[in-house]
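What follows is a single structure, written as structure tokens, with notes after it.
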Protein chains: 4
Amino acid sequence: MTDAAPAAAPAADTGGVAAERLRSFIARIERLEEDKANIALDIKEVYSEAKGEGFDVKVLRKIISLRKRDPQERREEEELIELYLAALGEAR
Amino acid sequence: MTDAAPAAAPAADTGGVAAERLRSFIARIERLEEDKANIALDIKEVYSEAKGEGFDVKVLRKIISLRKRDPQERREEEELIELYLAALGEAR
Amino acid sequence: MTDAAPAAAPAADTGGVAAERLRSFIARIERLEEDKANIALDIKEVYSEAKGEGFDVKVLRKIISLRKRDPQERREEEELIELYLAALGEAR
Amino acid sequence: MTDAAPAAAPAADTGGVAAERLRSFIARIERLEEDKANIALDIKEVYSEAKGEGFDVKVLRKIISLRKRDPQERREEEELIELYLAALGEAR
DNA sequence: CGGCGCTACGTCCGTC
DNA sequence: GACGGACGTAGCGCCG
């Protein structure tokens, strides 16, 4: 048995198989990060387009993030804020 | 001409055309952000896989970020001498 | 009078007076940034202490940032959010 | 035992002791943030002054950040070879 | 539970 | 004066 691919070995032998694996992982990650960056660009463009039609980008972002959060925990956090503000005797 | 599609109107009328546009922008953005999140997950998985083969994730990240910085960084580092000269001397 | 300090000259002569000025500016800035970093640490400590007495740090931060913002524009932004949500027919 | 100061109680009672503690924490944080903001202003002023003497602010910033990164950066750069070795080979 | 890295936000600058 | 881009800062989530 020649032990060609020891699954969870410490990834040794410099210049050998491990080096090739390393190269591969690096390449895959960099490719994915490139994709991610491109999508981020697309998102920016959509916001720009919306802005061009008169929408308030800042508010759009808030809407997006509101929809992302669980309604209940959101409610709870808001109540805590009210509580703290009340303790401070704040105007609100 | 009855001005059917005022490009940069304040985009306010609830239930009207603007609402539909708003819905559309939100949907597009959320779709893109979902894609982006999925890619982020993929990246995490690659790191996990690498870890499973004995690579040190922290080290991998460092390598990635160094490679990312380099075509900027190295250039900057090289430019710094020029910059010092500029700061100490003439516009260029 | 020999014009020792020409106020808005291009800051020329390498190794001469300008180099000394450069050194000075760098030193002043680095000193200030150090101070700033120390204050940032102090802030972290206060949050920690508050946490130790049972306060919710996340909410504390929200309180701080709320108090920092102008009440009116804050109100306006909230209304815009409500408007957009209404246009989406959102639960709220 | 009357439990006058429960160290890690939920810190909730409006108008009671907790309210006073809350007020105090908020005040301390806001004071520190004010100081920090002032230092940030000082830094801006130094940059302005430098600019007034003909230095290129952007260049100055670059110098500062390079100097800041260096005792980290240079070390990292030096470590990278070791890291590659680690990634390819043994834990260390 | 604390530290670190990533992400998102707001600010400032140069451009048109 | 508006816009877009870059920078620095603050918040959030994950890992150790």
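No hydrogens, no waters, no symmetry mates; every other heavy atom, side chains included, goes into these values. In the text below, chain A, chain B and the rest are named by the order of the sequence lines, each starting its count at 1. Fair warning: this is a prediction, and the values are worked out from it, not measured in the lab.
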How many Å lie between [atom1] on [X] and [atom2] on [N], as a whole number?
{"X": "C:I63", "N": "F:dG11", "atom1": "CD1", "atom2": "P", "result": "13 Å"}
{"X": "D:L32", "N": "F:dA10", "atom1": "CG", "atom2": "P", "result": "13 Å"}
{"X": "B:E45", "N": "F:dC15", "atom1": "CD", "atom2": "P", "result": "12 Å"}
{"X": "A:Y47", "N": "E:dT7", "atom1": "OH", "atom2": "P", "result": "16 Å"}
{"X": "C:D56", "N": "E:dC1", "atom1": "CG", "atom2": "P", "result": "13 Å"}
{"X": "C:L41", "N": "E:dG3", "atom1": "CG", "atom2": "P", "result": "10 Å"}
{"X": "A:I43", "N": "F:dG5", "atom1": "CD1", "atom2": "C1'", "result": "17 Å"}
{"X": "A:I81", "N": "F:dG11", "atom1": "CD1", "atom2": "P", "result": "13 Å"}

Side-chain heavy atoms of C:E33 within contact of C:R28, under 4.5 Å: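 Contact flag for C:E33/C:R28 side chains = no.
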Close side-chain approach of B:I39 and B:D35, heavy atoms under 4.5 Å: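 No, their side chains stay 4.5 Å or more apart.
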Flag for B:E76-B:Q72: side-chain donor and acceptor within less than 3.5 Å: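 The criterion, which ignores hydrogens and geometry beyond distance, is not satisfied for B:E76 and B:Q72.
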Steps toward salt bridge (Lys or Arg N to Asp or Glu O under 4.0 Å) verdict (D:R69, B:E73): CA-CA 11 Å; D:R69 271 206 296 260; B:E73 192 79 2; 3.4 Å; yes
Where protein sits on nucleotides 8-16 of chain E, one letter per nucleotide: B base, S sugar-phosphate only, - none, heavy atoms under 4.0 Å: SSS-S----
Salt bridge (Lys or Arg N to Asp or Glu O under 4.0 Å) evaluation trace for A:E77 with A:R74: CA-CA 5 Å; A:E77 183 188 293; A:R74 158 146 190 73; 5.3 Å; no
Helical bend (five base pairs per end, nearest 10°) for the helix from E:dC1-F:dG16 to E:dC16-F:dG1: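 That helix has its two terminal axes inclined by roughly 0°.
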salt_bridge(B:E30, A:K68) N-O dist < 4.0 Å: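 A:K68 and B:E30: not salt-bridged.
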Side-chain ion pair, B:R21 and A:E49, N-O less than 4.0 Å: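 Looking at B:R21 and A:E49, the cut-off is met.
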Cation-pi check, B:R61 onto B:Y47 ring (under 6.0 Å, within 45° of axis):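 Here B:R61 passes the 6.0 Å and 45° test against B:Y47.
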B:K51 atom NZ, neighbour heavy-atom count above 12 within 6.0 Å: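 Not more than 12 within 6.0 Å, no.
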